[in-house]
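None of the values given here were measured: they were computed from a predicted structure.
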There are 2 protein chains.
Amino acid sequence: MSPHSPSDPDASHEAPDHRDERHELDLGQFLPYRLNSLADRISQALSRIYGERFGITIAEWRVLAWLSHREELTAKQIGEHTRMDKAKVSRAIQSLEGRTLIRRTQSSQDQRVHYLHLTREGEEMLGELIPQAHAWEAELVTTLSTGEYRDLLNTMGKLERQLARLEG
Amino acid sequence: MSPHSPSDPDASHEAPDHRDERHELDLGQFLPYRLNSLADRISQALSRIYGERFGITIAEWRVLAWLSHREELTAKQIGEHTRMDKAKVSRAIQSLEGRTLIRRTQSSQDQRVHYLHLTREGEEMLGELIPQAHAWEAELVTTLSTGEYRDLLNTMGKLERQLARLEG
DNA sequence: GGCAACTAGTTTCACTTGAAACTATATGGA
DNA sequence: TCCATATAGTTTCAAGTGAAACTAGTTGCC
């Protein structure tokens, strides 16, 4: 048995009183569920900034964010980085190009690939968006100590690596 | 400024060398993104158990899981617990009832509400499914120390409360 | 050179989703 | 009592989704 005693669904048989608190804890201590609903809530809250203020989707934001640190990326590379499937990436790119936030230039070596870059317009939007995203994140983590924040990222890194091990 | 120094998209201007590692870190240290992709990967991995071995969706699993600790829940209560919208809950319930994993009984006080309970079949399925889910979780967190695991849940709790504050 | 296998990116299609409309029931006044 | 308002749950509809088919181009091999 793991030392972490994740929620035990049969536990309710042992102590029928306090059922209310205990069942709250049950799913509430099942890591996949907790993690998923936390991430979901954060995503939704943040996408209010992307969506309402800037009119872009999460997929579009991810494409833009990656383009902000790298000059030339292809759709495929963005798909690898963001773990979005290529159809989703393709549609995000189409939409961003339609709004002239990014531009595409065909590679001369390989006619199939297109390098993507931010336009001036796209850079300007990111120049506004990114600080707001960071400000929001800062507000979210404001109740954590520096150590807690570092430990969180650290632990998440461990889980990611273990996940890769389980997957691979 | 937050003490946590989340990823700074402008940082690449300061040190154009080592661009490759630095941009990996950039989005890689943006908590909402990291959290979301981690949760996504975990959900997908777990839903292989739900889906392939037991033929149920995540929504259905959540309904069943809640029913495993509480005798009588209504669709509305499940929606509140799981933060799924009522259409999704309704569809999950229909499917589960169709497979006779749950049963519905109309309340005598209020003809609109239906109490949900597991059937024997549903209980049997959960009796198999839940240990497998826990075993998978245990494998995932096996690289964490007991303290790290506790701190993780703790920190997540803090983020949830802060999120509620920001939302409310 | 020419053909099979491969790859980047797009489109199609069947399915899922959440918002809003809807149905049936309940409640709280006037 | 009657009516306005509210609520539980279902259905509809338009938009979004990923898997698979597809298009266009490339590579390796004979």
Should Leu126(A) and Leu101(A) be marked as a side chain to side chain contact (heavy atoms under 4.5 Å, CB included) after you check the CA-CA gap, both sets of side-chain angles, and the distance that decides it? CA-CA 10 Å; Leu126(A) 273 185; Leu101(A) 295 169; over 6 Å; no

Can you list the residues that meet the side chain to side chain contact (heavy atoms under 4.5 Å, CB included) rule with [X], with sequence neighbours excluded?
X         : answer
Ile49(A)  : Leu46(A), Arg53(A), Phe54(A), Gln132(A), Trp136(A)
Glu97(B)  : Ile102(B), Arg104(B)
Gln106(A) : Gln111(A), His114(A)
Lys76(B)  : Thr74(B), Glu80(B)

Please collect all salt bridge (Lys or Arg N to Asp or Glu O under 4.0 Å) contacts where either partner lies in residues 41-52 of chain B, sequence neighbours excluded, each pair once. Glu167(A)-Arg41(B)

According to the salt bridge (Lys or Arg N to Asp or Glu O under 4.0 Å) rule, which pairs have a member within residues 107-116 of chain B, sequence neighbours left out? Asp110(B)-Arg112(B)

Residues touching DNA chain C, which here means a heavy atom under 4.0 Å, drawn from residues 82-102 of chain B: Asp85(B), Ala87(B), Lys88(B), Arg91(B)

Which residues within residues 45-65 of chain B lie with some heavy atom under 4.0 Å of an atom in DNA chain C? none

Nearest-angstrom distance from the residue atom NE2 of His114(A) to C1' of dG25(D): 10 Å

With a 4.0 angstrom cut-off to heavy atoms of chain A, pull out the first and last contacting nucleotide of DNA chain C, in 5'-to-3' order. dT7(C) to dT12(C)

Could you pull out all residues at least two apart from Arg34(A) that satisfy salt bridge (Lys or Arg N to Asp or Glu O under 4.0 Å)? Glu160(B)

If you restrict it to nitrogen or oxygen atoms, what contacts under 3.5 Å exist between nucleotides 2-4 of chain D and the protein, and what is each distance?
none

How would you list, by chain and number, every residue that makes a side chain to side chain donor-acceptor pair (under 3.5 Å) with Arg165(A), sequence neighbours excluded? Gln162(A)

Which is more 5' along DNA chain C, the nucleotide nearest Asp110(B) or the one nearest Val113(A)? Just name the residue. Val113(A)

Determine the interplanar angle of the His134(A) and Phe30(B) rings, folded into 0 to 90°, and report it as parallel if under 30°, tilted if 30 to 60°, perpendicular if over 60°. perpendicular

With under 30° as parallel and over 60° as perpendicular, where do the rings of Trp61(B) and Tyr50(B) fit, or are they tilted in between? parallel

Base, sugar-phosphate or nothing for Gln77(A)? Non-hydrogen atoms, less than 4.0 Å. nothing

